[in-house]
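Everything on this sheet refers to the single structure shown next.
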2 protein chains.
Amino acid sequence: MPNRGLLKSSQTQRKPPLTDFVLDEFLPYRLTILATRLSEQFAERYRAKFGISVPEWRLVAHLSQAEKVSIREVYQRVAMDKSKTSRAAARLEKAGYVNKRTNPADRRLVELSLTAKGHAMSAEIGRMGIAFQGELLIGLEPEDREKFHSMIETMLKENP
Amino acid sequence: MPNRGLLKSSQTQRKPPLTDFVLDEFLPYRLTILATRLSEQFAERYRAKFGISVPEWRLVAHLSQAEKVSIREVYQRVAMDKSKTSRAAARLEKAGYVNKRTNPADRRLVELSLTAKGHAMSAEIGRMGIAFQGELLIGLEPEDREKFHSMIETMLKENP
DNA sequence: TTGACATTGTTGCATTTGCAACGATATATG
DNA sequence: CATATATCGTTGCAAATGCAACAATGTCAA
């Protein structure tokens, strides 16, 4: 029987297992835990400094990569609900971090962009992110880091 | 300047970047998206079949690995809130999937265990999980799969 | 042009969530 | 033993979330 990555080799099992399913090797589960912890740890840092939430940072992060984006562009790419994105944008506008205007070429679209204050915050959180990721990858061999990225990329492409 | 895994080499950049921060290489972000998608895709399958939610499946998954667990053991390990876990347990009991009794040795603790119906469901979702993970890892070289697991393990250990 | 249909973003509403307070139980300290 | 302190699970409540309905705008075909 081929081992497909979810069965422990028998010598590591103490007792006959209740099932063939091994939770600690189940990716959706492990990835969720890791992602939650990392997101939460990083969120503590920027929340303390700027008072924004995770959905708000997600939106700002997008705006750090592209001058202008619409609500749809954000939520389609980030797996955030439409309304979550819309509300994050509203809060960020109120806090003075982003501008919202209707796109003149297509008046259904909202054009989001960073204010000067938003750019400053974005730049600072960007630096914090680079530092955070540096700490995070310290335990991995340099060549493994690239490998890790490319494996994530592969799975993201396979699961659109 | 050392490349710490978050800076694109200059030849891959089309335009002068707004910042050094590259969202597509930022792990908390990428992992969150991947984890969300995988969790959601898998959730569709077991929700359709058994009508349970993600927190409920998390709890059942734990019970598939250990006969008896307390609420605390579950939420400490899974990064779920206390109340979320408690409520998942209540719903699962109502649906007839788990038994709840107070631990006689320490009456503060609740002892959760699967009913026969719960075991049947757990076994079936376990099989579905093995199949799901098989599909998922098809795009990776076999030796990469182990590597991926061990890298996740490393980062989980570094971020408790 | 008109009318049917599609897309975008916002909002109302019910559900879910996280946090804090709480009661019950256990442990430690005097 | 008596009292203070800690731990566990539940619950009330406010905030966040997801879904569906909607208005506004755009597209397409007759």
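Here is how names work: the chains are called A, B, and so on, in the same order as the sequence lines, proteins then strands, and each is numbered from 1.
Side-chain polar atoms of B/Thr32 and A/Ser39 form a donor-acceptor pair below 3.5 angstrom.
Computed from coordinates, the B/Arg87 CZ to D/dT10 C1' distance equals 8 Å when rounded to whole Å. When rounded to the nearest whole Å, the span between CG of A/Leu109 and P of D/dG26 equals 9 Å. Distance CD (B/Glu73) to C1' (D/dG9): 13 Å, rounded to an integer number of Å.
In this structure, B/Ser86 reaches the D/dT10 phosphate: one of its side-chain N or O atoms is under 4.0 Å from OP1 or OP2. In this model, the phosphate group of D/dC8 is approached by a side-chain N or O of B/Arg72 to a distance below 4.0 Å at OP1 or OP2. An OP1 or OP2 oxygen of C/dT25 is reached within less than 4.0 angstrom by no side-chain nitrogen or oxygen of B/Arg108. The shortest distance between the side-chain N/O atoms of B/Lys84 and the OP1/OP2 oxygens of D/dT17 is not below 4.0 Å. In terms of phosphate contacts, B/Lys100 brings no side-chain nitrogen or oxygen within less than 4.0 Å of OP1 or OP2 of D/dC8.
Evaluated for a side chain to side chain contact (heavy atoms under 4.5 Å, CB included) with A/Glu153, the options A/His149, A/Met155, A/Lys157 yield exactly one hit, A/Lys157.
Ring geometry for B/Phe26 against A/Trp57 counts as perpendicular: the plane angle is over 60°, on a 0 to 90° scale with 30° as the lower cut.
Counting any heavy atom pair closer than 4.0 Å across all strands shown, B/Ser70 reaches sugar-phosphate atoms only and no base atom.
With hydrogens and angles left out, the side chain of A/Arg101 and the base of C/dG9 share no donor-acceptor pair within 3.5 Å.
For an aromatic pair to be called close, the ring centres must be under 6.0 Å apart, and B/Phe21 with B/Tyr29 fails this.
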